[in-house]
Amino acid sequence: MRCKGMTLLKMPLFVWATLVTQVLLILSLPVITVALVMISFDRTFGTGFFNPGAGGQVVMWQHLFWIFGHPEVYILILPAMGIVSEILATFAKKPLFGYTVMVYSSCAIGFLGFAVWAHHMFTTGLGPWATALFSAATMLIAVPTGVKIFNWISTLWGGQIRFTTASLYAISFVAMFTLGGLSGIMHSSPVIDTQHQASYFVVAHFHYVLYGGAVMGLFGGIFYWYPKVTGRLMNETMGKLQFWLYMIGFNLTFFPMHFLGLDGMPRRIYTYAGDQNWNFWNFLATMGAYMTAVGGALFFINMFSSLKFGQKASDDPWDGRTLEWSIPSPPPEYNFAKLPEVSHLDDWWHKKYTHDGKRLAPPKQPIVDLSSIHMPNQSFWPILLALGITGIATGFVVPANGVIIALVGVAMTVTSTYGWAYEEP
Amino acid sequence: MSKNLPKTGIVSWLTTVDHKRIGILYALGSLFFLIVGGIEALMMRTQLAVPNNSFVTGDLYNGLVTMHGTTMIFLVVMPLSAAFFNYLIPLMIGAPDVAFPRLNALSFWTWLFGALLLNTSFLVQQIPAVGWFAYANLTSKQFNPTHSVDFWIL
């Protein structure tokens with residue numbers, strides 16, 4: 001499906017991040033699927049995979065879950081890394097620093113992601129060899145991740161940085177993810193991890209990675225690509241206000257959790273006594289959470305009001321580098337009237353500028369007979385098939401008549417699959 | 001009969017196979033669940049604001065912990081990423097659509113219905129309450145078919 005000239009090492013970094021994510025999904029989801037089927041059997045049909053009384057093993061669930069669970073966290077973070085790489089390159093007006101190394105380090109993170117699952121289980125008692133190996137593998141992941149962080153900083157270095165909402169989010173991603181990464185490396189030592197296990201320190205760590213990291217990156221992506229999707233820009237003043245509410249609120253919420261965790265406050269407790277010196281930090285964290293909520297409300301107001309009142313966006317409002325900025329905003333159903341041919345990484349940039357940075361005449365949209373473009377037909381089979389599968393699942397959870405509901409689901413699933421197969425494309 | 005389906009309106013969104021529309025659906029769905037997960041988080045933080053608080057019960061708190069984690073991971077960050085994958089990948093590599101457009105649509109609908117099924121546990125007062133890593137019974141059919149068919153990428 002790649003257009004002419006789009007060799008693997010000319011794909012934008014976001015595409016690479018997606019590719020690695022999909023590989024991780026394909027390899028890790030079957031593990032959790034099998035584990036979930038096993039546990040449903042345990043619960044519904046009385047088997048004993050995880051029941052020691054019936055000869056099963058409880059720890060096996062932990063292993064199966066984390067063989068999926070650890071790649072899962074890279075599934076969550078890699079897309080955001082890709083988004084941030086695109087945003088930083090655009091708003092620094094520089095190509096991404098060390099593109100090829102970034103590609104390799106994405107792959108390395110994906111690969112090593114499968115070799116570290118037991119660092120979630122240091123306190124389970126796996127024995128010194130397993131613990132030492134998983135600890136070393138975990139420390140190893142810091143290398144490609146560090147490479148990425150330095151490459152992002154180098155991308156910004158000496159660039160003509162424009163501080164839009166999107167670029168603020170991307171920059172904050174780098175800062176917050178680094179903090180989350182640092183506390184992550186602390187956990188890779190089993191000795192320290194044993195102290196941190198199930199404390200608020202862990203809560204602080206993964207919120208810095210997933211919230212300060214993934215969510216900030218995704219918000220940056222929304223602000224960056226919103227004009228492409230809707231043809232209008234989001235309000236920058238509201239966007240920046242939301243960004244600062246988020247940034248301050250987020251740090252108020254989660255930084256104190258480091259202190260709480262080191263002070264011994266366990267995770268997942270719903271109340272605590274008032275004489276343990278936890279009151280102040282907990283109160284601060286809650287205030288931070290409310291601040292974030294205000295920011296979130298502002299985001300939704302911004303998103304919906306900009307649909308109607310936002311400033312009209314040009315096809316290429318940010319002076320972008322990748323192919324999506326070469327087509328109208330919003331893109332027509334067929335995307336490219338004429339499929340493009342590329343000869344460079346960031347090809348769209350090279351069509352707009354010469355090598356020494358002089359602006360070329362902007363390329364025009366090609367004029368093509370639109371009736372010649374074949375697009376796939378709409379189809380209602382996917383939604384019916386999805387309903388059928390959901391029917392089967394519902395059969396497992398309703399208190400009565402589950403079998404009947406499940407059978408209706410099976411019937412729908414089979415019918416939809418046949419309809420799908422015999423449908424004209 | 002698929003040829004005569006309307007190009008605008010609700011039916012066109014329900015039957016769409018356009019990667020851009022599916023991307024938008026993913027984004028809207030995941031942002032909705034961002035609100036749900038956010039409210040769960042705020043309830044927890046409200047409970048923990050002062051010691052010995054009784055805003056929620058211990059059982060409800062356990063449910064909130066579980067659902068907040070599950071929601072934010074499987075119903076917000078993953079599908080929001082999927083929104084970007086869907087919308088952008090064909091545009092970035094210069095392609096008219098994804099390789100298997102109908103499969104792509106199936107992914108979205110399975111995800112949405114699974115997500116709704118999981119959240120109906122709130123309505124029937126049987127909230128899963130064992131942490132995001134342990135509870136499994138209801139979820140197997142839910143998030144898995146969604147993402148294992150994500151192989152449309154190249």
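Chain identifiers are assigned alphabetically (A, B, ...) following the order of the sequence lines, protein sequences preceding nucleic acid strands; residue numbering begins at 1 within each chain. The figures here come from the full heavy-atom set of this structure, side chains too, leaving out hydrogens, waters and symmetry mates.
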Note to self: The test is ring-ring contact (aromatic ring centres under 6.0 Å, His included); show your working for B:F84 and A:W225 and say whether it passes.
What the structure shows: CA-CA 9 Å; B:F84 284 107; A:W225 279 297; 5.7 Å; yes

Next item on the list: Please test A:R268 against B:V65 for side-chain contact (heavy atoms from CB on, under 4.5 Å), starting from the C-alpha separation and ending with a verdict.
Entry: CA-CA 7 Å; A:R268 305 190 193 96; B:V65 170; 4.1 Å; yes

Margin query: Checking B:V77 against A:V215 for the side-chain contact (heavy atoms from CB on, under 4.5 Å) test, could you report, in this order, the C-alpha distance in whole Å, the side-chain angles of both residues, the deciding distance, and whether it holds?
Written below: CA-CA 7 Å; B:V77 175; A:V215 174; 4.0 Å; yes

Note to self: Is there a side-chain contact (heavy atoms from CB on, under 4.5 Å) between B:F74 and A:E72? Walk through the geometry before answering.
What the structure shows: CA-CA 10 Å; B:F74 295 101; A:E72 169 69 24; 4.2 Å; yes

Margin query: The test is side-chain contact (heavy atoms from CB on, under 4.5 Å); show your working for B:H19 and A:N335 and say whether it passes.
Written below: CA-CA 10 Å; B:H19 73 95; A:N335 295 351; 2.8 Å; yes

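Between chain A and the residues B:D18, B:L31, B:T16, the most heavy-atom pairs under 4.5 angstrom are made by B:L31. Most heavy-atom pairs under 4.5 Å with chain B, from the set A:G288, A:A285, A:A214: that is A:A285.
Of the two parts of B:A41, neither the backbone nor the side chain holds a non-hydrogen atom closer than 4.5 Å to a non-hydrogen atom of chain A. Contact annotation for B:V56: only backbone heavy atoms (N, CA, C, O) come within less than 4.5 Å of a heavy atom of chain A. Heavy atoms of B:T57 lying under 4.5 Å from chain A belong exclusively to its backbone.
Each of B:L112, B:L14, B:T15 was scored for a side chain to side chain contact (heavy atoms under 4.5 Å, CB included) with A:I383, with one residue passing: B:L14.
Of all heavy-atom pairs spanning B:G94 and A:C3, the tightest one is O-CB, 3.2 Å.
Aromatic ring orientation, A:H207 versus B:H68: parallel (interplanar angle below 30°, classes split at 30° and 60°).
A side-chain donor from one of B:T46 and A:Y290 sits under 3.5 Å from a side-chain acceptor of the other.
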